[in-house]
2 protein chains.
Amino acid sequence: MKNINIKELARELKLSVSTVSKALHDSHEISEETKQRVLKAAARLNYVPNPYASSLRGRKSKNIGVVIPEVADSFFSLAINGIESVAHEKGYHVLICLTHESFENEKTILKEFQGGRVDGVLMSVSGETSQSGHINDLISKGVPLILFDRVCEDVETAKITTDDFASGYRATEHLIQQGCDEIAFLDISKSLSISRKRLEGYLQAIGDHQLKADKKNIILCTNDTNKNYPLIKKMLQQENRPNGVVSSVEKLTMPVYKACAALKLKIPGDVKVVCFSNLETAPILNPSLTTITQPAFEMGKIAATLLFKVLGKSNFDLAKESLVISSALEVRDSTG
Amino acid sequence: MKNINIKELARELKLSVSTVSKALHDSHEISEETKQRVLKAAARLNYVPNPYASSLRGRKSKNIGVVIPEVADSFFSLAINGIESVAHEKGYHVLICLTHESFENEKTILKEFQGGRVDGVLMSVSGETSQSGHINDLISKGVPLILFDRVCEDVETAKITTDDFASGYRATEHLIQQGCDEIAFLDISKSLSISRKRLEGYLQAIGDHQLKADKKNIILCTNDTNKNYPLIKKMLQQENRPNGVVSSVEKLTMPVYKACAALKLKIPGDVKVVCFSNLETAPILNPSLTTITQPAFEMGKIAATLLFKVLGKSNFDLAKESLVISSALEVRDSTG
DNA sequence: TTTATTTACGAAACCGTTTTCGTAACCCGC
DNA sequence: GCGGGTTACGAAAACGGTTTCGTAAATAAA
């Protein structure tokens, strides 16, 4: 019924607890013969060590924390896969914590991590996050933390990002080349690094092509999915409505398509659309969606690999390990 | 730098460790005045308790394990949201473990859980799982485990499922009513409960409507996404090809659409398609996809709520708590 | 006043590991 | 045959909390 512990296992073998522990860890102090006896007995009695006792004694948890805004999002779920693939290989567990885009939640989670629950953290900040005290607090306790995708620039640690400015520029320029002259930018946060940079890329492209930047074309959407649809619809109903839309995050794809359908605006005839998105279904949407696709899986993998590099060594300067990867513009029918 | 522990906190307060611990837990043994002093000091010194020490002593982890085949799947990511919403409310953490559809992985994970890493488990079995010894082993150690969606029938525990037989029947009948007389069924596993029941529903509908069941129309797909596309394509190239397709899982949506496009088969003109799927983008696919949609979030929520009910009481017969929820047929253009 | 009870706290055991340190027994060379 | 080194193991101290139990002082009951 109850799980057997090392003490009972030792008694069964008529060995001391320490000998059993060493044998299980393949210590050189233990004879080959004894090791085999111990291993056999452990298997026979189905001994499974208590991870909390090990963690307490060893001061490490064999867990890494992944802090993200949400899980039902292609970018994040693919990134999780990348992270998990290397964590699994290293024998680590992945503790996924969702902030639901709330700064308060994010602070609570990082605070808890100060207690030693995880050995390291991979994080993409919430849409509300503009300060970084909570992050620095955790880092100063000796818990390595790496930011990916949504980063805080003023935290001195590794940041794995994509070329957001360039992507915003490319998306916008693509629309211009396709004939758009009134282009909207769907924003998601005032503070988020990715939002700001993508917006800057958008603005630069607008300027470089002698178009006028217009505040009414920059729409700040919300975390509440239900509110985004009316916002976008309203934008598409204004006089002199945009004939091109850059959506800076995946979750705005649905409301854009829905609003266009409701207003009987044809994509790409009336409005051309490009989204930052990792949706697998982008090629089979109606019309197929032109996307800026981020290497989500790879980013997760790279971030996790880097984290494990730090966990090995102690004096490792993460701040020097930042990396910017390229996103890809995948042209499809929505900008045709 | 390092985190402060309760001993240091006690020394700072000139109190004993036990008094501090009790004060932090709002014990009646401690005076209100002392409690306030302790709370103040804990906040000032930023004391965060070590969760592993608590877990070790208290023999409970405040973690629940969620074992699923993959995370980049709408059904599972929505279910995670449902689970997380109640876990968060109860002050629990969610440890997500991916089997990647591998029985070996699943066994390893559950074995590890025997060590006490989690207080309870919510699980959807892998596509390879046909035995249940590993599940019963865990349950017999006193770790409550609830199955959801993909269940093992011979495990005596609560199972939260949808009406797979009825859904398979309804999907197929819908195709028949739309004029299909040669209907393919895309299967994903020989052993999986959901597959078997959905298939049975399909066969029953076929029989009830005087169509002939044909083995060549039942395609067993694989876990390897790349192999499914040629399989499906081949099926659609055979003479007397199906004019209707029931896909029993979400991940087969893409290859079906791609194969039809490659073969220049019009959906729904040449082939009508209905998928078991929770894809948010189903309404904006080209053509929009008729789906059997499962209440994924609710299932997660129900399963988690039930788990916490067990974690409270000890003598609780989970086997009596199974629940079957209805999926919804959402008719769209792919079967028009 | 004496006894019983309550209040508020501290000492120490305990949870299940890992690791340090100590120590017999054996082997080796000289 | 004697120091020095290795081999193979055990005792006990950690790790950082929680909980049981004991107890002095204060209060209540008799």
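Everything quoted here is computed from the prediction, not taken from an experiment.
Nucleotides of DNA chain C nearest to A/Val17 and A/Glu29 differ in position, and the one nearer the 5' end is that of A/Val17. Each of B/Ala53 and B/Lys22 has a nearest nucleotide on DNA chain D; the 5'-most of these lies closest to B/Ala53.
Counting to the nearest Å, the C1' atom of D/dT19 and the CD1 atom of B/Ile6 are 12 Å from each other. As rounded to whole Å, 9 Å separates atom C1' of D/dC15 from atom NZ of B/Lys7. Nucleotide D/dG17 holds its P atom 13 Å from the OH atom of B/Tyr52, rounded to whole Å.
When each of B/Ile302, B/Val324, B/Val151, B/Leu122 is checked for a side-chain contact (heavy atoms from CB on, under 4.5 Å) with B/Ile160, only B/Ile302 meets the rule. Exactly one of B/Ile83, B/Val67, B/Ile80 qualifies for a side-chain contact (heavy atoms from CB on, under 4.5 Å) with B/Ile96. That residue is B/Ile80.
Each of D/dA11, D/dT19, D/dT18 was ranked by its minimum atom distance to the side chain of B/Ser54; first place goes to D/dT18.
With sequence neighbours left out, the side chain to side chain donor-acceptor pair (under 3.5 Å) criterion links B/Lys62 to no other residue. Looking at residues two or more places apart in sequence or on another chain, you find a side chain to side chain donor-acceptor pair (under 3.5 Å) between B/Thr34 and B/Ser31.
Protein chain B contacts DNA chain C over a range whose 5' and 3' limits, counting nucleotides with an atom under 4.0 angstrom from a non-hydrogen atom, are C/dA8 to C/dG16.
A salt bridge links A/Glu101 with A/Arg150: at least one charged nitrogen is closer than 4.0 Å to a carboxylate oxygen. Look at A/Lys107 and A/Glu104 and you find a salt bridge, because one of the NZ, NE, NH1 or NH2 atoms lies within 4.0 Å of a carboxylate O, short of that distance.
B/Ser21 comes within 4.0 angstrom of a base, heavy atoms only. Using a 4.0 Å heavy-atom cutoff across all strands shown, A/Thr34 reaches sugar-phosphate atoms only and no base atom.
Distances shown here put every side-chain N or O of A/His28 at or beyond 4.0 Å from the OP1 or OP2 atom of D/dT7.
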